[in-house]
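Notes follow the structure.
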Amino acid sequence: MKQIFAPMEGISSYIYRRLHSGFFGGVEAYFAPFIAPDGEGGFKASALRDILPENNLGIVLIPQLLVNRPEPFIHVARELAVMGYAEVNLNVGCPSSTVVSKRKGSGMLLDLESLDSCLNEIFSRSPVAVSIKTRMGVESTEEFPRILEIYRKYPLKRLIIHARARSGMYKSPVDIPGFLSALGNAPWPVYYNGNFFSPGSAMELGLDGISLAGLMLGRGAVADPALPRSLKGGPALTAEELKDFHDALLSGYLDAGYDPRSAMARLKELWFYMLCKFPDSRREAKTLLKSQYLPDYRSAVSALFDSGKFSSECYFSQ
Ligand SMILES: Cc1cc2nc3c(=O)[nH]c(=O)nc-3n(C[C@H](O)[C@H](O)[C@H](O)COP(=O)(O)O)c2cc1C
(Lines give C-alpha, C1' and ligand atoms only; values in the text may rest on other atoms or scores of the structure.)
Protein backbone atom coordinates (compact mmCIF):
# COMPACT_ATOMS: atom_id res chain seq x y z
CA MET A 1 0.00 0.00 0.00
CA LYS A 2 1.24 3.48 -0.85
CA GLN A 3 1.91 6.00 1.88
CA ILE A 4 1.70 9.73 1.44
CA PHE A 5 2.74 12.45 3.87
CA ALA A 6 -0.10 14.72 4.98
CA PRO A 7 0.04 18.47 4.53
CA MET A 8 0.81 19.90 7.96
CA GLU A 9 0.79 23.70 8.09
CA GLY A 10 3.64 25.02 10.24
CA ILE A 11 5.29 21.59 10.29
CA SER A 12 5.91 19.90 6.94
CA SER A 13 7.78 22.78 5.30
CA TYR A 14 10.13 22.23 2.36
CA ILE A 15 13.00 22.08 4.85
CA TYR A 16 11.20 19.39 6.82
CA ARG A 17 10.21 17.42 3.71
CA ARG A 18 13.71 17.43 2.21
CA LEU A 19 15.26 16.18 5.44
CA HIS A 20 12.50 13.70 6.16
CA SER A 21 12.91 12.19 2.73
CA GLY A 22 16.72 12.01 3.10
CA PHE A 23 16.69 10.51 6.59
CA PHE A 24 13.69 8.18 6.40
CA GLY A 25 11.97 8.10 3.01
CA GLY A 26 9.18 5.59 2.67
CA VAL A 27 6.54 7.93 1.28
CA GLU A 28 5.34 8.05 -2.31
CA ALA A 29 4.59 11.78 -2.16
CA TYR A 30 4.46 14.76 0.18
CA PHE A 31 1.40 17.00 0.15
CA ALA A 32 2.39 20.62 0.73
CA PRO A 33 0.52 22.65 3.36
CA PHE A 34 -2.22 24.71 1.76
CA ILE A 35 -1.65 27.81 -0.32
CA ALA A 36 -4.53 30.27 0.19
CA PRO A 37 -4.58 32.52 -2.88
CA ASP A 38 -6.47 35.81 -2.86
CA GLY A 39 -9.31 36.47 -5.31
CA GLU A 40 -6.83 37.25 -8.11
CA GLY A 41 -4.73 34.16 -7.47
CA GLY A 42 -1.92 36.03 -5.70
CA PHE A 43 -0.30 34.37 -2.71
CA LYS A 44 2.46 34.88 -0.16
CA ALA A 45 6.15 34.73 -1.05
CA SER A 46 6.66 32.23 1.78
CA ALA A 47 4.07 29.91 0.19
CA LEU A 48 5.82 30.22 -3.17
CA ARG A 49 9.20 29.43 -1.58
CA ASP A 50 7.66 26.31 -0.06
CA ILE A 51 6.62 24.83 -3.40
CA LEU A 52 9.38 26.06 -5.71
CA PRO A 53 10.71 22.98 -7.54
CA GLU A 54 14.33 23.87 -6.65
CA ASN A 55 13.39 23.66 -2.97
CA ASN A 56 11.78 20.27 -3.43
CA LEU A 57 14.37 18.33 -5.40
CA GLY A 58 14.27 14.57 -5.07
CA ILE A 59 10.74 14.31 -3.71
CA VAL A 60 7.31 14.07 -5.28
CA LEU A 61 5.42 17.12 -4.09
CA ILE A 62 1.73 17.80 -4.54
CA PRO A 63 0.75 21.40 -3.87
CA GLN A 64 -2.59 22.06 -2.17
CA LEU A 65 -4.96 24.98 -2.65
CA LEU A 66 -7.53 26.40 -0.25
CA VAL A 67 -10.16 28.33 -2.23
CA ASN A 68 -13.90 28.90 -2.31
CA ARG A 69 -14.12 29.84 -5.98
CA PRO A 70 -12.75 28.26 -9.15
CA GLU A 71 -10.93 31.35 -10.54
CA PRO A 72 -8.06 31.53 -8.04
CA PHE A 73 -7.69 27.74 -8.27
CA ILE A 74 -7.33 27.85 -12.05
CA HIS A 75 -5.01 30.85 -11.89
CA VAL A 76 -2.60 29.18 -9.47
CA ALA A 77 -2.96 25.75 -11.12
CA ARG A 78 -1.70 27.32 -14.37
CA GLU A 79 1.37 28.67 -12.58
CA LEU A 80 1.93 25.29 -10.96
CA ALA A 81 1.65 23.57 -14.34
CA VAL A 82 4.37 25.87 -15.69
CA MET A 83 6.56 24.86 -12.71
CA GLY A 84 6.09 21.26 -13.79
CA TYR A 85 3.48 20.05 -11.32
CA ALA A 86 1.14 17.37 -12.65
CA GLU A 87 -1.35 17.24 -9.75
CA VAL A 88 -2.90 19.85 -7.49
CA ASN A 89 -4.90 19.00 -4.41
CA LEU A 90 -8.05 20.84 -3.34
CA ASN A 91 -8.47 21.29 0.41
CA VAL A 92 -12.03 20.37 1.41
CA GLY A 93 -11.01 19.49 4.93
CA CYS A 94 -9.63 22.38 6.96
CA PRO A 95 -11.87 22.71 10.04
CA SER A 96 -10.67 26.05 11.42
CA SER A 97 -13.48 28.55 12.10
CA THR A 98 -11.85 31.40 10.20
CA VAL A 99 -11.48 29.17 7.14
CA VAL A 100 -14.94 27.59 7.37
CA SER A 101 -16.62 30.99 7.80
CA LYS A 102 -15.20 31.92 4.37
CA ARG A 103 -16.66 28.70 2.96
CA LYS A 104 -13.20 27.33 2.34
CA GLY A 105 -11.78 23.98 3.48
CA SER A 106 -14.54 21.89 5.04
CA GLY A 107 -16.71 25.04 4.71
CA MET A 108 -17.09 24.06 1.04
CA LEU A 109 -19.30 21.23 2.30
CA LEU A 110 -21.85 23.67 3.77
CA ASP A 111 -23.46 24.22 0.37
CA LEU A 112 -23.25 21.19 -1.86
CA GLU A 113 -24.73 22.95 -4.88
CA SER A 114 -21.94 25.54 -4.79
CA LEU A 115 -19.40 22.76 -4.25
CA ASP A 116 -20.72 21.00 -7.34
CA SER A 117 -20.56 24.08 -9.55
CA CYS A 118 -17.09 24.99 -8.22
CA LEU A 119 -15.83 21.47 -9.01
CA ASN A 120 -17.47 21.59 -12.40
CA GLU A 121 -15.44 24.69 -13.31
CA ILE A 122 -12.25 23.41 -11.73
CA PHE A 123 -12.37 20.04 -13.46
CA SER A 124 -13.27 21.48 -16.83
CA ARG A 125 -10.57 24.18 -16.78
CA SER A 126 -7.67 22.91 -14.69
CA PRO A 127 -4.49 22.40 -16.71
CA VAL A 128 -3.33 19.70 -14.25
CA ALA A 129 -4.93 16.67 -12.62
CA VAL A 130 -6.93 17.51 -9.50
CA SER A 131 -7.21 15.44 -6.35
CA ILE A 132 -9.34 16.20 -3.30
CA LYS A 133 -8.67 15.86 0.41
CA THR A 134 -12.01 15.88 2.15
CA ARG A 135 -13.81 15.60 5.45
CA MET A 136 -16.89 13.37 5.51
CA GLY A 137 -19.29 16.16 6.43
CA VAL A 138 -19.68 19.36 8.37
CA GLU A 139 -21.79 18.31 11.34
CA SER A 140 -21.88 14.57 10.78
CA THR A 141 -20.23 11.88 8.69
CA GLU A 142 -23.76 10.87 7.66
CA GLU A 143 -23.52 13.69 5.13
CA PHE A 144 -20.88 11.75 3.24
CA PRO A 145 -23.03 9.75 0.77
CA ARG A 146 -24.41 13.02 -0.67
CA ILE A 147 -20.92 14.52 -0.86
CA LEU A 148 -19.65 11.40 -2.62
CA GLU A 149 -22.43 11.62 -5.17
CA ILE A 150 -20.96 14.96 -6.20
CA TYR A 151 -17.34 13.77 -6.25
CA ARG A 152 -18.42 10.81 -8.40
CA LYS A 153 -19.20 13.18 -11.25
CA TYR A 154 -15.56 14.20 -11.62
CA PRO A 155 -12.31 12.50 -12.72
CA LEU A 156 -10.38 12.94 -9.47
CA LYS A 157 -6.74 11.92 -9.55
CA ARG A 158 -7.37 10.53 -6.06
CA LEU A 159 -9.66 11.10 -3.11
CA ILE A 160 -8.11 11.35 0.33
CA ILE A 161 -10.68 10.95 3.06
CA HIS A 162 -10.07 12.28 6.56
CA ALA A 163 -12.62 10.04 8.25
CA ARG A 164 -14.25 12.69 10.41
CA ALA A 165 -16.79 15.45 10.03
CA ARG A 166 -15.60 19.03 10.53
CA SER A 167 -17.32 19.06 13.94
CA GLY A 168 -14.89 16.37 15.12
CA MET A 169 -11.89 18.67 14.49
CA TYR A 170 -8.89 16.37 15.12
CA LYS A 171 -10.38 14.59 18.12
CA SER A 172 -13.64 12.70 17.53
CA PRO A 173 -13.48 8.97 16.82
CA VAL A 174 -12.89 8.29 13.13
CA ASP A 175 -15.84 6.79 11.22
CA ILE A 176 -14.42 3.63 9.68
CA PRO A 177 -17.75 2.09 8.52
CA GLY A 178 -18.58 5.38 6.78
CA PHE A 179 -15.15 5.42 5.19
CA LEU A 180 -15.44 1.81 4.03
CA SER A 181 -18.79 2.49 2.41
CA ALA A 182 -17.01 5.04 0.21
CA LEU A 183 -14.59 2.43 -1.01
CA GLY A 184 -17.38 0.43 -2.60
CA ASN A 185 -17.49 1.41 -6.23
CA ALA A 186 -15.23 4.45 -6.05
CA PRO A 187 -14.06 5.25 -9.58
CA TRP A 188 -10.71 6.68 -8.38
CA PRO A 189 -7.97 5.66 -5.94
CA VAL A 190 -9.10 6.23 -2.34
CA TYR A 191 -6.64 7.03 0.44
CA TYR A 192 -7.43 6.75 4.14
CA ASN A 193 -6.47 9.50 6.60
CA GLY A 194 -7.02 9.87 10.34
CA ASN A 195 -5.42 8.50 13.53
CA PHE A 196 -3.07 6.09 11.77
CA PHE A 197 -0.36 6.43 14.39
CA SER A 198 1.51 3.12 14.63
CA PRO A 199 2.11 -0.25 12.98
CA GLY A 200 -0.79 -1.52 15.12
CA SER A 201 -3.23 1.07 13.79
CA ALA A 202 -4.53 -1.00 10.86
CA MET A 203 -5.74 -3.63 13.32
CA GLU A 204 -6.98 -1.15 15.93
CA LEU A 205 -8.92 0.89 13.40
CA GLY A 206 -10.39 -2.14 11.64
CA LEU A 207 -8.55 -1.47 8.38
CA ASP A 208 -6.52 -4.65 8.45
CA GLY A 209 -6.89 -6.62 5.24
CA ILE A 210 -8.82 -3.82 3.55
CA SER A 211 -7.57 -3.09 0.08
CA LEU A 212 -6.78 0.62 -0.15
CA ALA A 213 -4.92 2.71 -2.70
CA GLY A 214 -3.00 4.18 0.18
CA LEU A 215 -2.67 5.85 3.52
CA MET A 216 -2.07 9.48 4.30
CA LEU A 217 0.01 9.82 7.46
CA GLY A 218 -0.10 13.02 9.50
CA ARG A 219 0.55 13.40 13.21
CA GLY A 220 1.74 9.82 13.57
CA ALA A 221 4.54 10.40 11.07
CA VAL A 222 5.49 13.73 12.64
CA ALA A 223 5.71 12.05 16.06
CA ASP A 224 7.67 9.12 14.66
CA PRO A 225 9.27 10.12 11.37
CA ALA A 226 10.28 6.50 10.74
CA LEU A 227 6.62 5.38 10.79
CA PRO A 228 6.35 5.05 6.99
CA ARG A 229 9.43 2.83 7.04
CA SER A 230 8.17 0.77 10.00
CA LEU A 231 4.83 0.28 8.26
CA LYS A 232 6.72 -1.25 5.35
CA GLY A 233 8.36 -3.72 7.75
CA GLY A 234 11.58 -1.70 8.16
CA PRO A 235 13.38 -0.99 11.43
CA ALA A 236 11.87 1.14 14.17
CA LEU A 237 13.10 4.66 14.89
CA THR A 238 16.25 4.93 17.01
CA ALA A 239 17.16 7.75 19.40
CA GLU A 240 20.33 8.47 17.40
CA GLU A 241 18.36 8.88 14.19
CA LEU A 242 15.84 11.18 15.83
CA LYS A 243 18.63 13.29 17.34
CA ASP A 244 20.43 13.56 13.98
CA PHE A 245 17.16 14.42 12.23
CA HIS A 246 16.38 17.05 14.84
CA ASP A 247 19.83 18.61 14.59
CA ALA A 248 19.63 18.68 10.79
CA LEU A 249 16.23 20.40 11.00
CA LEU A 250 17.55 23.02 13.39
CA SER A 251 20.53 23.71 11.11
CA GLY A 252 18.21 23.66 8.10
CA TYR A 253 16.00 26.39 9.53
CA LEU A 254 18.96 28.49 10.69
CA ASP A 255 20.72 28.12 7.33
CA ALA A 256 17.51 29.14 5.56
CA GLY A 257 17.65 32.45 7.42
CA TYR A 258 15.25 31.81 10.30
CA ASP A 259 16.34 33.71 13.40
CA PRO A 260 17.06 31.42 16.37
CA ARG A 261 13.74 32.20 18.05
CA SER A 262 11.71 31.31 14.93
CA ALA A 263 13.79 28.21 14.28
CA MET A 264 13.22 27.05 17.87
CA ALA A 265 9.51 27.79 17.51
CA ARG A 266 9.40 25.50 14.45
CA LEU A 267 11.15 22.74 16.37
CA LYS A 268 8.94 23.16 19.44
CA GLU A 269 5.89 22.57 17.19
CA LEU A 270 7.48 19.24 16.29
CA TRP A 271 8.22 18.40 19.89
CA PHE A 272 4.49 18.60 20.64
CA TYR A 273 4.31 15.32 18.67
CA MET A 274 7.81 13.85 19.04
CA LEU A 275 7.79 13.98 22.85
CA CYS A 276 5.58 10.89 22.82
CA LYS A 277 8.79 8.95 22.08
CA PHE A 278 10.03 9.96 25.56
CA PRO A 279 7.55 8.63 28.11
CA ASP A 280 7.88 9.97 31.69
CA SER A 281 9.98 12.92 30.67
CA ARG A 282 7.79 15.80 31.88
CA ARG A 283 10.64 17.61 33.58
CA GLU A 284 12.97 17.43 30.57
CA ALA A 285 10.11 18.35 28.23
CA LYS A 286 9.19 21.40 30.30
CA THR A 287 12.75 22.71 30.26
CA LEU A 288 12.97 22.17 26.52
CA LEU A 289 9.68 23.87 25.71
CA LYS A 290 10.44 26.82 28.01
CA SER A 291 13.94 27.48 26.70
CA GLN A 292 14.25 30.91 25.10
CA TYR A 293 17.82 30.99 23.81
CA LEU A 294 19.51 28.64 21.41
CA PRO A 295 22.27 27.42 23.81
CA ASP A 296 19.63 26.60 26.48
CA TYR A 297 17.48 24.89 23.88
CA ARG A 298 20.39 22.80 22.61
CA SER A 299 21.33 21.67 26.12
CA ALA A 300 17.69 20.86 26.91
CA VAL A 301 17.51 18.68 23.79
CA SER A 302 20.76 16.94 24.76
CA ALA A 303 19.46 16.38 28.30
CA LEU A 304 16.30 14.81 26.89
CA PHE A 305 18.26 12.38 24.72
CA ASP A 306 20.77 11.70 27.50
CA SER A 307 17.92 10.87 29.91
CA GLY A 308 17.66 7.43 28.30
CA LYS A 309 13.88 7.75 28.26
CA PHE A 310 13.52 7.32 24.50
CA SER A 311 11.23 4.47 23.52
CA SER A 312 10.89 3.23 19.97
CA GLU A 313 7.69 1.46 21.05
CA CYS A 314 5.74 4.56 22.06
CA TYR A 315 3.57 6.16 19.42
CA PHE A 316 1.44 9.29 19.24
CA SER A 317 -2.04 8.98 20.71
CA GLN A 318 -4.68 11.59 21.27
C1 LIG B 1 -0.80 21.29 12.74
C2 LIG B 1 -1.62 20.76 11.61
C3 LIG B 1 -1.57 21.37 10.36
C4 LIG B 1 -2.35 20.87 9.29
N5 LIG B 1 -2.29 21.49 8.05
C6 LIG B 1 -3.05 21.00 7.03
C7 LIG B 1 -3.00 21.57 5.71
O8 LIG B 1 -2.27 22.54 5.44
N9 LIG B 1 -3.80 21.03 4.75
C10 LIG B 1 -4.61 19.95 5.00
O11 LIG B 1 -5.31 19.46 4.10
N12 LIG B 1 -4.65 19.38 6.22
C13 LIG B 1 -3.89 19.87 7.22
N14 LIG B 1 -3.92 19.25 8.44
C15 LIG B 1 -4.67 17.99 8.59
C16 LIG B 1 -3.74 16.79 8.34
O17 LIG B 1 -3.26 16.80 7.01
C18 LIG B 1 -4.48 15.45 8.60
O19 LIG B 1 -5.60 15.40 7.75
C20 LIG B 1 -4.96 15.32 10.04
O21 LIG B 1 -3.92 15.62 10.95
C22 LIG B 1 -5.51 13.92 10.32
O23 LIG B 1 -4.54 12.95 10.04
P24 LIG B 1 -3.66 12.29 11.24
O25 LIG B 1 -4.64 11.73 12.25
O26 LIG B 1 -2.84 11.24 10.54
O27 LIG B 1 -2.86 13.38 11.84
C28 LIG B 1 -3.18 19.75 9.51
C29 LIG B 1 -3.22 19.13 10.76
C30 LIG B 1 -2.47 19.63 11.80
C31 LIG B 1 -2.56 18.94 13.15
Side-chain angles (χ1 to χ4, degrees), residues 1 3-14 16-17 20 26-27 29-37 43-44 46-47 50-51 61-68 73 76 87-100 104-109 130-137 141 158-176 179 190-202 204-205 207 212 214-225 227-228 230-231 265-274 276 315-318:
M1 188 171 10
Q3 295 167 38
I4 53 181
F5 206 107
M8 301 284 283
E9 231 268 296
I11 293 178
S12 62
S13 65
Y14 74 93
Y16 183 93
R17 296 189 299 261
H20 181 271
V27 290
Y30 292 80
F31 280 62
F34 65 75
I35 297 172
F43 57 90
K44 288 185 190 158
S46 55
D50 191 58
I51 49 107
L61 182 71
I62 296 162
Q64 185 191 62
L65 300 182
L66 182 79
V67 295
N68 55 8
F73 186 100
V76 181
E87 174 182 348
V88 177
N89 184 256
L90 175 66
N91 181 323
V92 192
C94 183
S96 118
S97 305
T98 43
V99 167
V100 172
K104 295 180 183 175
S106 57
M108 290 186 96
L109 302 174
V130 179
S131 59
I132 293 180
K133 177 165 181 273
T134 190
R135 292 269 177 159
M136 291 173 62
T141 54
R158 52 185 137 195
L159 179 66
I160 301 148
I161 303 173
H162 180 176
R164 291 185 168 95
R166 182 259 168 172
S167 56
M169 302 304 280
Y170 294 106
K171 277 207 156 63
S172 69
V174 285
D175 178 0
I176 299 297
F179 167 77
V190 172
Y191 287 64
Y192 173 83
N193 173 237
N195 286 24
F196 208 104
F197 295 149
S198 75
S201 288
E204 286 154 21
L205 292 170
L207 289 170
L212 283 170
L215 274 180
M216 175 177 266
L217 301 170
R219 293 165 294 176
V222 177
D224 182 332
L227 181 62
S230 311
L231 289 175
R266 283 286 185 154
L267 272 295
K268 286 179 188 177
E269 284 280 324
L270 291 180
W271 280 116
F272 177 78
Y273 302 96
M274 298 190 311
C276 73
Y315 292 96
F316 184 72
S317 64
Q318 287 181 301

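Position 1 is the first residue of the sequence, and the numbers go up from there. Indexing begins at 1, ligand by ligand and atom by atom, following the structure's order. Since the model is a prediction, treat every value here as computed from it, not as a measurement.
Within ligand 1, counting atoms from 1 as listed, the ones closer than 4.0 Å to a heavy atom of N91 are 9 (N), 10 (C), 11 (O). Heavy-atom contacts of A6 reach the following atoms of ligand 1: 17 (O) (cutoff under 4.0 Å). Shown in contact with H162 at under 4.0 Å from a heavy atom are these atoms of ligand 1, numbered in order with element: 19 (O), 20 (C), 22 (C). Near R219, with a cut-off below 4.0 Å to any heavy atom, the atoms of ligand 1 are 21 (O), 24 (P), 25 (O), 26 (O), 27 (O). Interface of P33 with ligand 1, defined as ligand atoms under 4.0 Å from a residue heavy atom, comprises 8 (O). Near K133, meaning under 4.0 Å from any of its heavy atoms, are these atoms of ligand 1: 10 (C), 11 (O), 12 (N), 15 (C), 16 (C), 17 (O), 18 (C), 19 (O).
By the 4.5 Å heavy-atom criterion applied to side chains, Y192 and I176 are counted as neighbours. Within the 4.5 Å cutoff, side-chain heavy atoms of Y170 are placed close to those of R219. Here the side chains of L215 and L231 are in contact, with some heavy-atom distance below 4.5 Å. T134 has its side chain within reach of L109: a pair of non-hydrogen atoms, C-beta onward, lies under 4.5 Å apart. Put simply, the side chain of N91 does not reach to within 4.5 Å of the side chain of K133, judged on heavy atoms. Between I161 and M136, the closest side-chain pair of non-hydrogen atoms falls below 4.5 Å.
Within the 4.0 Å heavy-atom cutoff, G93 does not count among the residues contacting ligand 1. At least one heavy atom of F197 sits less than 4.0 Å from an atom of ligand 1. Ligand 1 has no atom lying under 4.0 Å from any heavy atom of F316.
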In a table with atom names and distances, give each donor-acceptor pair under 3.5 Å that connects a side chain of residues 5-12 to protein atoms at least two apart or in another chain.
unit_1	atom_1	unit_2	atom_2	d
S12	OG	M8	N	3.0
S12	OG	M8	O	3.4

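Taking the ring centroids of F316 and Y273, they lie under the 6.0 Å cut-off.
Residue-to-ligand polar distances keep G220 apart from ligand 1: every N/O pair is separated by 3.5 Å or more. Note: an N/O pair closer than 3.5 Å links F34 and ligand 1 by distance alone. On a distance-only criterion, Y273 and ligand 1 share no N/O pair closer than 3.5 Å.
Of all non-hydrogen atoms in S106 and V100, the two that sit nearest each other are OG-CG2, 3.5 Å.
In terms of protein heavy-atom proximity, atom 7 (C) of ligand 1 is nearest to P7 O, 3.6 Å. Of all protein heavy atoms, the one closest to atom 4 (C) of ligand 1 is E9 N, 3.4 Å. Protein heavy atom in closest approach to atom 19 (O) of ligand 1: N193 OD1, 2.6 Å. With hydrogens left out, the protein atom closest to atom 26 (O) of ligand 1 is G218 N, 3.0 Å, a heavy atom. Among protein heavy atoms, atom 20 (C) of ligand 1 sits closest to Y170 CE2, 3.7 Å. At the shortest separation from atom 9 (N) of ligand 1 among protein heavy atoms lies Q64 OE1, 2.9 Å.
The backbone N or O of Y315 sits nowhere less than 3.5 Å from a side-chain atom of D224 that would complete a donor-acceptor pair.
Within a 6.0 Å sphere centred on NZ of K268, other residues, nucleotides and ligands contribute more than 12 heavy atoms.
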